[in-house]
Peer 1: 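Okay, here's the structure, questions in a sec.
First the proteins, then the strands, lettered A, B, ... as listed; each starts at 1. All heavy atoms count here, side chains included; hydrogens, waters and symmetry mates do not. Remember, it's a predicted structure, so these values are computed and weren't measured experimentally.
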Amino acid sequence: MSELIRFENVGKIYKTGSVEYIALHDVNLSIDEGELVVVLGPSGSGKSTLLNLLGGMDTATTGKIFFAQTEITAMDDMKLSQFRAISVGVVFQFYNLVPTLTALENVSLMQDLGISIMDPMDALEMVGLGDKKDSFPSQLSGGQQQRVSIARAIAKQPRLLLCDEPTGALDTGTGREVLKILQDQCRVHKRTIVMVTHNSLFAEVADKVIYVKNGTVVDVKENKEVKDAYDLNW
Amino acid sequence: MKKILIKKMFRDLRINAVQFFAIFIMCHLAMLLLGAFDADNSGRLYSADRYYRETNFADLFLTSEGFSKEDIQDIRQIEGVKDAERRASVIGRVTNISDRKIELNFLESDNICRLYTEKGDPYTQGMSGIWIDRHFAEKQGIGIGDTLSISCKDATFSEIVRGFVDNSEHTNFIIDDTYLDTEYGEYCYAFLDASEYPFDDISFDKMLVDAANVDSQINLDDTDREELKKVKLSILDTVSKSSMSVIMKYEQSGYESQMSDCNFNNMMIMIFPPLFTMLAALSTVTTMSRLTAKQRTVIGTLKALGFSKKTVIFHYVSYSVFLSAIGCITGAALGHFVLGSWLFEDFIEYYSVPDSVLRMSYKVPLVAAMIIVLAVIANYLSCRNLLVQNAAVILMPEAPKAAGAGSIEKLKIWNKLSFATRWNLRDININKLRSLMGIFGVVICSSILMGAFGIQESIGYQDTWLYGDLKPAAYTITVSPDYGYSWAYDIAREYNGQLVMQTDAEITGRDDSRLFTLTVVDEGNLLRFHNTKGNYITLPDYGAMISEKAADTLGISVGDMVSFRLPGEKKEYSVNIAKIHKTPEAQGIVISRKYYESLHGEFDPKIIYTNMTPPDTLAVELKEVSGVNSREKYVAALKRNNASTAELVYVIVVIGIIIGFVAMYNTGVLSFAEKMRDVATLKVLGFPTNKIRWILQQQNLFITGVGTLIGIGVGLVLIRVLMNSLDPSGDFLVDLSATPYLLAILFSFVVSVAVNGIISTKVKSINMVEALQGVK
C-alpha cells in the first residue's frame with residue numbers, strides 16, 4: 001500500500017496570553033492509503049490535536065505534514081479549505097449537525113461546496129437512514145445523528161475519513177453499529193480512516209494503532225489480525 | 001449564495017425572529033422617516049419648482065403707490081433685468097356670492113408669474129372678463145360663464161368668469177388680517193385685463209421683475225442670491241420712489257414659507273434616520289455576535305467540512321444584508337406612500353400649488369445602500385473574530401473571560417461593597433463593549449423621549465407665552481393699509497388701545513444683512529417682552545431691543561450699533577442695541593415710538609391692541625379697519641397651525657418607545673446569553689432565582705441610569721436644534737418644567753425594567769448542565 005499521510009517532526013503549541021501549552025511535540029508518523037488507524041491515548045494527550053492537524057483544521061507550529069506527497073502545512077487558508085472539502089471527511093463525537101437543516105439537507109450541504117458528491121439520498125441509505133431524510137437533528141436519536149454525520153462525511157467520497165470519538169456519545173449497541181459502518185467504509189470502499197478514541201478496545205478493529213501520550217507518539221503497532229466491529233467484546 | 005445555506009439562513013431567521021426583528025425594525029424605521037420626510041420634501045420642491053418654472057415666477061417683487069411707464073422703462077433698461085411688468089391690485093367684494101372679499105389684479109401683460117389656467121379660456125392681453133382662483137370657484141360653486149358682481153371702493157361692476165386659475169404669487173394667499181391662516185375658498189384673488197380697470201386713472205402698485213441671469217427657481221445658489229441683491233440695488237438706485245419695497249424671490253412669503261417647511265424636513269432627515277441607522281448597526285452587532293456565539297459549533301463544523309472562511313463569512317453577513325434590505329425597502333415604501341402622503345397633505349392644504357405630486361430623491365436609495373453597507377460592516381466586525389479562526393479552535397468551547405473590575409478593586413471601599421455590586425462591576429469591566437452598547441441603546445431611547453416631550457411642552461406653551469404673557473390684549477384691531485396715523489389714533493382712543501407699527505426692515509449686522517421686522521411700540525402695556533430666560537423686561541425709551549434669533553443670525557450683541565432700512569427707503573436708521581429679547585413671532589428690532597420719531601421715522605401704526613370689546617361688525621362698518629380678531633381666535637389658529645407638529649411628536653414618542661424596547665431587549669438578551677454560565681454557576685451554588693434576578697436588575701438599573709443621564713443631555717440639544725428649524729420667523733421658549741425630564745426618565749426606566757424583567761424570567765428555566773458545559 002502506498003503512503004497517504006506523513007508527519008515530519010510536527011509540533012503544536014497553544015498560546016493563551018503569555019502562557020504556552022505544548023499539545024504535540026516532535027511527532028513523526030506515516031499512514032498508508034486504505035488503512036484503518038486508531039489513535040489511542042488518555043484525555044489531554046494530544047490525539048485530537050493530531051487529528052485536527054491531519055484534517056487541515058488547525059495549523060502546525062513546527063514540522064511538516066504531507067498528504068499524498070503534498071505538503072498541507074504549506075497551504076494557505078483557501079487551499080486548506082479545498083483540501084478539507086475534497087479529500088477529508090470528518091465525523092465528530094457530538095455529530096455537529098446543523099440543527100436547522102434536515103438529515104438530507106445536512107448531507108446535501110456538501111453540494112454547496114461546489115464539489116461532486118454521491119446522491120445524498122444514497123449516502124443516507126448507505127447508513128440506513130433513508131426514511132429519516134426529512135427529520136431535523138433534534139428529531140433523531142444520538143446514533144441516528146451520528147449516522148447522518150457519517151453520511152455527510154462519506155457523501156463526498158473522501159480519501160481520508162477522520163473520526164473524533166465517533167462512538168463517545170453513544171451506547172454500546174449503537175456504537176458498535178457506527179463502528180461497523182466505518183469499518184465497511186475502509187474495507188469495502190477502500191477509504192483511509194483515522195479514528196481518535198480513548199477506548200482501547202477499538203485497537204482490535206484497526207490495521208494500525210498509534211499510542212499518544214503527553215503530546216508525543218509513544219508507540220505504533222500494526223495488527224496482524226483485525227476483528228470485525230460486531231466481534232468486539234464491548 | 002449556496003442553496004442549502006440559504007435554507008439555513010431562513011430557518012435561523014425564523015427561530016431567532018425576535019432578535020433579528022431588531023435589525024429589521026431599526027432599518028425600517030430609519031427608512032420610514034427618511035422616506036416620509038424625503039417624499040414630502042422632494043414632492044414640495046419638485047412641485048413648486050415645476051410650477052414656478054411653468055409660470056415664470058418673478059425674481060423680484062416691487063410695490064409702491066404707483067409705477068409709471070417711465071419707471072418700467074427704466075427698470076427694463078437695468079443690466080441684469082430681462083423683463084418687467086406692472087400690475088394694479090385693489091381689494092373689493094363679490095356681492096352676488098355671499099359677499100366675499102376679492103383681490104382684483106389688473107394685468108398689462110402676463111409673462112411673469114403667469115396665470116396657470118385650470119379651466120376655461122387662457123388669459124390673453126386685451127380680453128374682457130375675469131379669471132378667478134380655482135379654490136374660490138370650487139367652494140362657492142361658480143361656473144365658467146357666470147357673472148360676478150363686484151364692488152370696489154366706490155365702483156360697482158360685473159364681470160363674466162372666463163377661467164379658473166392658480167397663480168404662483170398666491171401660493172399661500174391670505175387676503176387680510178381677518179384671516180390668520182390660509183382659508184382657500186373663503187376669499188378670492190382674481191385677474192382682469194388692465195382695460196377693465198373700473199376707475200379713470202389706473203395706478204400700478206406692483207411690478208414683477210424677471211432677472212436675466214437667474215434661471216433657478218427653488219434651488220437658488222449663492223451666485224443667484226448675489227445676482228438678485230445686485231439687481232435689487234440697481235432698481236433702488238434707478239427708481240426713486242417713496243415707500244417702494246423690493247422683495248427678492250426668496251423673501252416672498254409663499255417661497256420663504258415653503259423653504260422653511262423644507263428646512264424643518266431636512267432637519268428631521270438629518271437627525272432621525274442617522275439615529276436609527278446607528279441603532280440598526282448596534283442591533284446587528286448584538287444580534288450577530290449572539291448568533292455566531294450560539295452557532296460556534298456549526299461554524300466550526302462548516303469550516304471543518306471544507307467551507308472556506310470567505311463562504312462562511314459571506315453566509316453570516318447575508319443575514320444582515322437580507323434583513324436590512326427588507327427593512328429598508330418596506331420602510332422606504334411605507335414612509336413614502338403612507339407617512340409621506342400624510343405629511344404632504346399639509347402642503348396641499350396650506351399651499352396652492354397645482355398638480356402637486358410626491359417625489360423620491362436620490363437620498364432614499366443612497367441612504368438605503370449606506371444602511372445596508374453599515375449593517376454589513378457591523379455584522380462582519382461582530383463575527384470576524386470568531387470566523388477567522390481555525391476550525392479546530394472554533395470547535396473548542398469558548399474560554400471564559402478573565403478580568404477584574406480594574407483599579408477600583410484597589411480602593412478600600414471595594415471590600416465593603418456587596419457581592420452583587422462587585423459582581424456587576426466586574427461584569428461591566430469585563431464586557432465593556434456590551435455595556436457601552438447597552439448605554440448607547442438607552443441614550444437613544446431617552447434622548448428621543450426627552451426631545452419629543454420637550455418639544456411637546458414648548459409648543460404647548462407657545463400660545464400661553466404669546467397670547468398670555470407677551471400679548472395679553474383681548475382683541476387686535478388691524479387698520480387698513482390705505483389709512484394713516486390719524487385714523488389709527490382715533491380708533492385706539494375709542495377703544496383705549498395701544499398702537500403698534502410693524503413693518504419689514506432690512507437689518508444690517510456684523511455678519512449679514514437680512515429682511516426682518518421692525519416693531520415700533522407706542523405707550524401701553526398690552527405688548528410685553530421677555531428676555532432669553534423668559535423674564536419680563538421693559539423696552540428702553542431710547543435704545544433698541546433685538547430678538548435673540550435675529551441677533552444670532554446677524555451676529556449682534558448688546559451694545560452694538562445696528563442699522564436698518566425700511567423697504568423702498570434709502571434712509572438708514574442707526575440704533576443702539578440695549579437688550580436682547582425672545583419672541584415667538586416677528587423676529588427683528590423693537591424700538592419705542594419716542595426713539596423712532598427722534599430718529600425722524602414716521603410712526604404709521606396698523607395694529608391696535610385693546611382689552612375693550614369692539615363690535616363684531618367693526619371691520620364691515622369702518623373702511624379703515626381691515627380686521628378684528630380676538631385672543632381666542634389667535635390661540636385657535638396657533639393650535640391649528642401646530643397640530644401637525646404635535647401629531648408628529650406623538651409619532652416620535654411611539655417610535656422612541658419601540659426602538660428603546662427593541663434596542664434594550666436586544667442588548668439585554670445578548671448580555672444574558674453572555675452571563676448564562678455565571679448565572680448557572682450561581683444557581684448551582686444555591687442562589688435563589690429572585691436574588692439572581694435582582695443582581696441582573698441592579699446592573700440594568702445602573703446602565704439605564706447612566707444612559708438616561710446622557711440621553712437627557714442629548715435630548716435637550718435635539719429640542720433646540722429642532723425648535724430652531726421649525727419656523728424662521730418664529731422662536732420657542734425652551735424653558736422646560738420638570739415634566740418632560742420626569743417623563744423621559746420614567747419611560748426609559750419603565751422600558752428598561754420591563755425588558756430586564758422579561759429577560760430575567762429565563763433565570764428560572766436556565767439549564768444549568770447545558771450552560772456549564774462550555775466551561776469544560
Peer 1: Give the member of A/Glu105, A/Met78, A/Gln82, A/Arg152 that has the highest number of heavy-atom pairs under 4.5 Å with chain B.
Peer 2: A/Glu105

Peer 1: Which region of B/Ile394, side chain (C-beta onward) or backbone (N, CA, C, O), has a non-hydrogen atom less than 4.5 Å from a non-hydrogen atom of chain A, or is it both or neither?
Peer 2: neither

Peer 1: Rounded at 0.5 Å granularity, tell me how far CD in A/Glu35 sits from CG in A/Leu160.
Peer 2: 11.5 Å

Peer 1: Parallel, tilted or perpendicular: which describes the rings of B/His315 and B/Tyr319, with under 30° parallel and over 60° perpendicular?
Peer 2: perpendicular

Peer 1: If I measure from the heavy atoms of chain B, does A/Thr59 come under 4.5 Å with its side chain, its backbone, both, or neither?
Peer 2: both

Peer 1: Which heavy-atom pair separates A/Leu170 from A/Val178 by the least distance, and what is that distance?
Peer 2: CD1-CG2, 3.6 Å

Peer 1: Can you see whether A/Tyr14 engages A/Asp58 through a side-chain donor-acceptor pair at a distance of less than 3.5 angstrom?
Peer 2: yes

Peer 1: Taking side chain to side chain contact (heavy atoms under 4.5 Å, CB included) as the criterion, tell me which of B/Leu13, B/Ile23, B/Ile6 meets it with B/Phe322.
Peer 2: B/Leu13

Peer 1: Under 4.5 Å, counting heavy-atom pairs only, tell me which of A/Leu51, A/Leu101, A/Asn52, A/Val98 racks up the most with chain B.
Peer 2: A/Leu101

Peer 1: Using heavy-atom distances under 4.5 Å, tell me whether A/Phe92 contacts chain B through its side chain, its backbone, both, or neither.
Peer 2: side chain

Peer 1: Measure distances from A/Asn96 to the heavy atoms of chain B and classify the residue's part below 4.5 Å as side chain, backbone, both or neither.
Peer 2: both

Peer 1: If you count heavy-atom pairs under 4.5 Å with chain A, which of B/Val393, B/Thr301, B/Leu395 comes out on top?
Peer 2: B/Thr301

Peer 1: Which region of A/Tyr95, side chain (C-beta onward) or backbone (N, CA, C, O), has a non-hydrogen atom less than 4.5 Å from a non-hydrogen atom of chain B, or is it both or neither?
Peer 2: neither

Peer 1: In sequence, state the C-alpha distance, the side-chain angles, and the governing distance for A/Phe136 and A/Leu97, and then conclude on side-chain contact (heavy atoms from CB on, under 4.5 Å).
Peer 2: CA-CA 9 Å; A/Phe136 285 95; A/Leu97 299 177; over 6 Å; no

Peer 1: Would you check if there is a donor-acceptor pair between the side chains of B/Asn16 and B/Lys294 at a distance under 3.5 Å?
Peer 2: yes

Peer 1: Does any backbone or side-chain atom of B/Leu305 lie under 4.5 Å from a heavy atom of chain A? Answer side chain, backbone, both or neither.
Peer 2: both

